[in-house]
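Read through the structure below, which is laid out as structure tokens, and then see the notes.
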Amino acid sequence: MEISQIKAKLTLKEVLSHYGLKPDKHLRLNCPFHDDKTPSLQVYYKTHTCYCFSSNCPTHGKSMDVIDFILHKEARGGQPITKHQAIEKAKSMIGGINGATAARDLTRSAVLTKMFTYFKNGVHNSGPAKEYLERRHLDYTKIEVGYNSGQFHHGSRRDKYLIESCVKVGLLLDKGQTSRTGGKAYSVFGKFGVVFALKNQTGQIVSLYFRSTVATDGRSRHFYLQGRSGLYPGYPSAATRRLILTETIIDAATLLQQEAITKDFEVLSLYGTNGLTEEHLAAIKRLKDLQEIVFFFDGDEAGQAAAEKYRAILSEALPAGQAGKPGVKLSQVLTPEGEDVNSLLDGHSPEILTSLLENRQPLKAQESALIFSLKLAAR
């Protein structure tokens, strides 16, 4: 699809709606690209363009079309995505989950991108999703998160090719059951869960992670879509100098909301205390300007053991310093015992995260166990 065709099919209103943005009656809104206390972004629906009148905006006083808007909106840590990635994102928005392109012809990434767009829009209309996110100190206007109500294949949305595609990628499970109307019934994977996207090196969505909003035995369950691949929130920028590793996606999402942290650090979630995958290692090893990796793990024995294990793995995997330059520094945040990144916001302001980060300690062989022992002794 040519760029001219994308612009002809994708309206600015659809793009704004995708990101949960709605202009006022004067077609103005607070610019999402900088700290904007009064609406400075003017929307022009006739030309499907917009313009920010603030001199503080990184768009630098340039008119933006739908692709330009996506390019700036998808930026992470101040680093824009590529024009190609913006174009691919624009393609995925055309037509929503029942777009003109038959779902049977879509790749796994295209199906997941369409479904994640649908899930993101679902947050706005879901009380349980909003309540859960608020309880976990997560702001859906600042991070990419969706909600799976389990209704995407019902009623007017019961499209044959959509269902076939969702069965293929694992979002619908065919267990041989029959509905009350005599048709085939499907189980919905990750139903009633908030949804996060895992992305590959080119920024495409290749898998999904679900965190249930319904507690079972007092615990919230979580699920990865079959054939898990990709990273959250995505591959770190090639220009990354300092990288924070977290145990979980919820912890990473918590840090991504803190501009005081993301302006200096990239964030990458592991998949638990045994979740440093080959894909994580490959993504880290490609960072030629990397200076420091910070472990921001849970304040418990499992988190401490993981920090020591990954310290050894990364020390071996990363190149040592050359030509008199030091190698990559490994450090550790001293998370209070019994806490994790997200739980630290219970009863505390976000400044506690930056304070702990600023007071991180070098992580060396055999040193991490001693640090944790000292923390326990100080109680």
Donor-acceptor pairs under 3.5 angstrom involving side-chain atoms of residues 61-70: please list them, not counting sequence neighbours.
residue : atom : partner : partner atom : Å
Asp65   : OD1  : Ile67   : N            : 3.1
Asp65   : OD1  : Asp68   : N            : 2.8
Asp65   : OD2  : Lys7    : NZ           : 2.7
Asp68   : OD2  : Asp65   : N            : 3.2

Residue list, side chain to side chain donor-acceptor pair (under 3.5 Å) with [X], at least two apart or on another chain:
{"X": "Thr248", "answer": "Asp251"}
{"X": "Asn56", "answer": "none"}
{"X": "Ser55", "answer": "none"}
{"X": "Asn125", "answer": "none"}

Subject >> side-chain contact (heavy atoms from CB on, under 4.5 Å) partners for Glu2, two or more places apart >> reply: Ser4, Gln5

**OP:** Check side-chain contact (heavy atoms from CB on, under 4.5 Å) between Ser17 and all other residues, then give those that pass, not counting sequence neighbours.
**Re:** none

Subject >> Residue pairs passing the salt bridge (Lys or Arg N to Asp or Glu O under 4.0 Å) test where at least one lies in residues 281-291, sequence neighbours excluded >> reply: none

Subject >> Steps toward side-chain hydrogen bond (donor to acceptor under 3.5 Å, both in side chains) verdict (Glu74, Tyr19) >> reply: CA-CA 10 Å; Glu74 294 290 325; Tyr19 292 112; 2.6 Å; yes

Any residue meeting salt bridge (charged side-chain N to carboxylate O under 4.0 Å, His left out) with [X], in chain and number order, not counting sequence neighbours:
{"X": "Asp35", "value": "Lys37"}
{"X": "Arg360", "value": "Glu292"}
{"X": "Lys130", "value": "none"}
{"X": "Glu88", "value": "Lys91"}

